[in-house]
Amino acid sequence: MKYWLMKSEPDVFSIDDLKSKKKTSWDGVRNYQARNFMRDDMKKDHLVLYYHSNCDVPGVYGIGKVIKESHPDHTQFDPKSDYYDPKATKEKPRWFMVEVGFVEKFKTPVSLAEIKEVKALEDMLILRKGNRLSITPVENKHFEKVTKLGNS
DNA sequence: GCCAACGTTGGC
DNA sequence: GCCAACGTTGGC
């Protein structure tokens with residue numbers, strides 16, 4: 001079992017959106033490192049810390065799960081999409097996505113400020129200086145700690 | 001292959 | 001709105 005952290009802006013797609021729609025295609029990722037994680041490493045049933053960025057209280061708001069593994073991101077072929085990539089072809093797609101399902105919303109969100117205070121979480125990748133990656137792997141112990149905090 | 005210019009992310 | 005820290009682009 002592997003664990004991940006995925007960022008989303010609540011204005012765009014929040015944990016409540018995920019809860020009501022049950023699942024979502026993680027399209028629009030246009031960063032090669034994040035793409036590689038989705039394309040190569042994220043497998044069915046891997047659990048995901050659902051992180052909200054660019055908002056009043058950034059932090060982990062719940063848990064998701066990979067329900068469909070890597071497949072081409074359709075928005076790259078759509079000239080009307082913000083994520084259109086003229087260099088991508090159906091034969092040679094450049095961007096991939098996974099599908100993420102809803103698992104739970106935390107009773108108490110685990111804010112970034114709190115993550116910074118908790119000793120056991122001090123080496124989470126999210127805390128690395130200048131980390132802007134929208135998808136990062138999460139260690140087992142970190143996942144457990146965050147979910148414990150979120151449900152307490 | 002280098003690197004300056006530019007665009008984006010995301011916390012504050 | 002500011003700005004640090006990236007990643008990408010494109011001329012050379």
Side-chain angles (χ1 to χ4, degrees), chain A residues 2-19 21 23-42 46-66 70-100 102-139 141-143 145-152:
Chain A
K2 281 191 183 174
Y3 303 96
W4 304 91
L5 181 146
M6 297 175 97
K7 293 180 188 172
S8 92
E9 300 188 15
D11 291 347
V12 180
F13 199 85
S14 70
I15 185 79
D16 290 320
D17 293 329
L18 184 63
K19 186 177 184 179
K21 298 199 171 138
K23 60 178 182 174
T24 185
S25 287
W26 212 267
D27 61 14
V29 171
R30 295 295 179 267
N31 169 284
Y32 288 104
Q33 243 183 304
R35 176 205 68 181
N36 292 348
F37 284 140
M38 288 200 289
R39 189 189 58 189
D40 306 329
D41 302 322
M42 296 183 80
H46 286 181
L47 294 171
V48 173
L49 295 177
Y50 200 91
Y51 183 93
H52 279 171
S53 63
N54 259 322
C55 55
D56 285 350
V57 184
V60 179
Y61 280 73
I63 298 176
K65 182 168 75 170
V66 178
S70 168
H71 50 294
D73 178 344
H74 55 86
T75 61
Q76 69 192 302
F77 308 124
D78 179 3
K80 289 192 289 292
S81 168
D82 286 346
Y83 302 118
Y84 177 59
D85 184 343
K87 290 180 183 156
T89 63
K90 300 232 172 177
E91 292 70 34
K92 280 195 95 176
R94 182 186 278 199
W95 305 109
F96 294 82
M97 62 186 186
V98 297
E99 212 158 288
V100 175
F102 176 78
V103 175
E104 69 177 20
K105 180 182 174 181
F106 284 162
K107 257 197 296 184
T108 33
V110 184
S111 69
L112 180 60
E114 190 176 357
I115 292 172
K116 284 178 175 169
E117 281 170 10
V118 176
K119 183 86 174 142
L121 300 175
E122 69 182 354
D123 24 85
M124 281 190 76
L125 292 178
I126 192 85
L127 297 183
R128 291 261 178 92
K129 190 171 82 165
N131 172 33
R132 296 174 3 189
L133 204 53
S134 61
I135 302 174
T136 49
V138 170
E139 288 180 44
K141 60 180 182 186
H142 292 153
F143 183 88
K145 183 68 182 172
V146 171
T147 49
K148 198 173 288 176
L149 291 171
N151 287 316
S152 63

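In what follows, chains carry the letters A, B, and so on, assigned in the order in which the sequence lines appear, proteins first and then strands, with residues in each chain numbered from 1.
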Query raised in the report: If only atom types and distance count, is the side chain of A:Thr108 paired as donor or acceptor with the main-chain N or O of A:Ser152 below 3.5 Å?
Result: yes
Query raised in the report: A:His142 pairs by side chain to side chain contact (heavy atoms under 4.5 Å, CB included) with which of A:Leu121, A:Ile126, A:Leu125?
Result: A:Leu121
Query raised in the report: So which nucleotide from C:dA5, B:dG11, C:dG7 ends up closest to the side chain of A:Lys129?
Result: C:dA5
Query raised in the report: Can you find a side chain N or O atom of A:Tyr51 that sits less than 4.0 Å from OP1 or OP2 on B:dG11?
Result: yes
Query raised in the report: The side chain of A:Arg132 lies closest to which of these nucleotides: B:dG11, C:dC6, C:dG7?
Result: C:dC6
Name every donor-acceptor pair, under 3.5 Å, that has one atom in a side chain of residues 51-66 of chain A and the other anywhere in the protein, sequence neighbours excluded.
unit_1	atom_1	unit_2	atom_2	d
A:His52	NE2	A:Ile15	N	3.1
A:Asn54	ND2	A:Glu9	OE2	3.1
A:Tyr61	OH	A:Val57	O	2.6

Requested in this report: Starting from P on B:dG11, measure out to CD1 on A:Ile126 and report it in whole angstrom.
Outcome: 7 Å
Query - Side chains of A:Tyr32 and A:Arg39, donor plus acceptor under 3.5 Å - result: no
Requested in this report: Ignoring backbone atoms, test whether A:Lys7 places a side-chain nitrogen or oxygen under 4.0 Å from the OP1 or OP2 oxygen of B:dG10.
Outcome: yes
Query - Of the listed nucleotides C:dG7, B:dC12, B:dG10, the one nearest the side chain of A:Gln33 - result: C:dG7
Report task. Whole angstrom is fine here: how far is it from CG in A:Leu5 over to C1' in B:dG10? Result -> 13 Å
Report summary line: With the side chain defined as heavy atoms from C-beta on, A:Tyr32 is closest, among C:dT8, B:dG10, C:dA5, to C:dT8
Requested in this report: Enter the distance from A:Glu104:CD to A:Leu47:CG here, rounded to the nearest 0.5 Å.
Outcome: 9.5 Å
Query - Intra- and interstrand pairs of DNA chain C - dot-bracket, Watson-Crick/G-U under 3.5 Å, | marks other strand - result: ||||||||||||
Report summary line: Rounded to whole Å, CG of A:Asp11 lies from P of B:dT9 at a distance of 14 Å
Requested in this report: Return the value, rounded to whole Å, for the distance between atom CE of A:Met6 and atom C1' of B:dT9.
Outcome: 17 Å
Query raised in the report: Hey, does the side chain of A:Gln76 reach the backbone of A:Trp95 with a donor-acceptor pair shorter than 3.5 angstrom?
Result: yes
Report summary line: When rounded to whole Å, the CZ to C1' distance for the pair A:Arg35 and C:dT8 reads 14 Å
Query raised in the report: In whole angstroms, how far is the C1' atom of B:dG10 from the CD1 atom of A:Ile135?
Result: 16 Å
**Report entry** Euclidean distance, atom CG of residue A:Leu127 to atom P of B:dC12 [Å, nearest integer]
**Finding:** 10 Å
Query - Between C:dG7 (P) and A:Trp95 (CH2): distance, integer Å - result: 13 Å
Report task. Examine the side chains of A:Asp27 and A:Ser25 and answer whether a donor and an acceptor come within less than 3.5 Å of each other. Result -> no
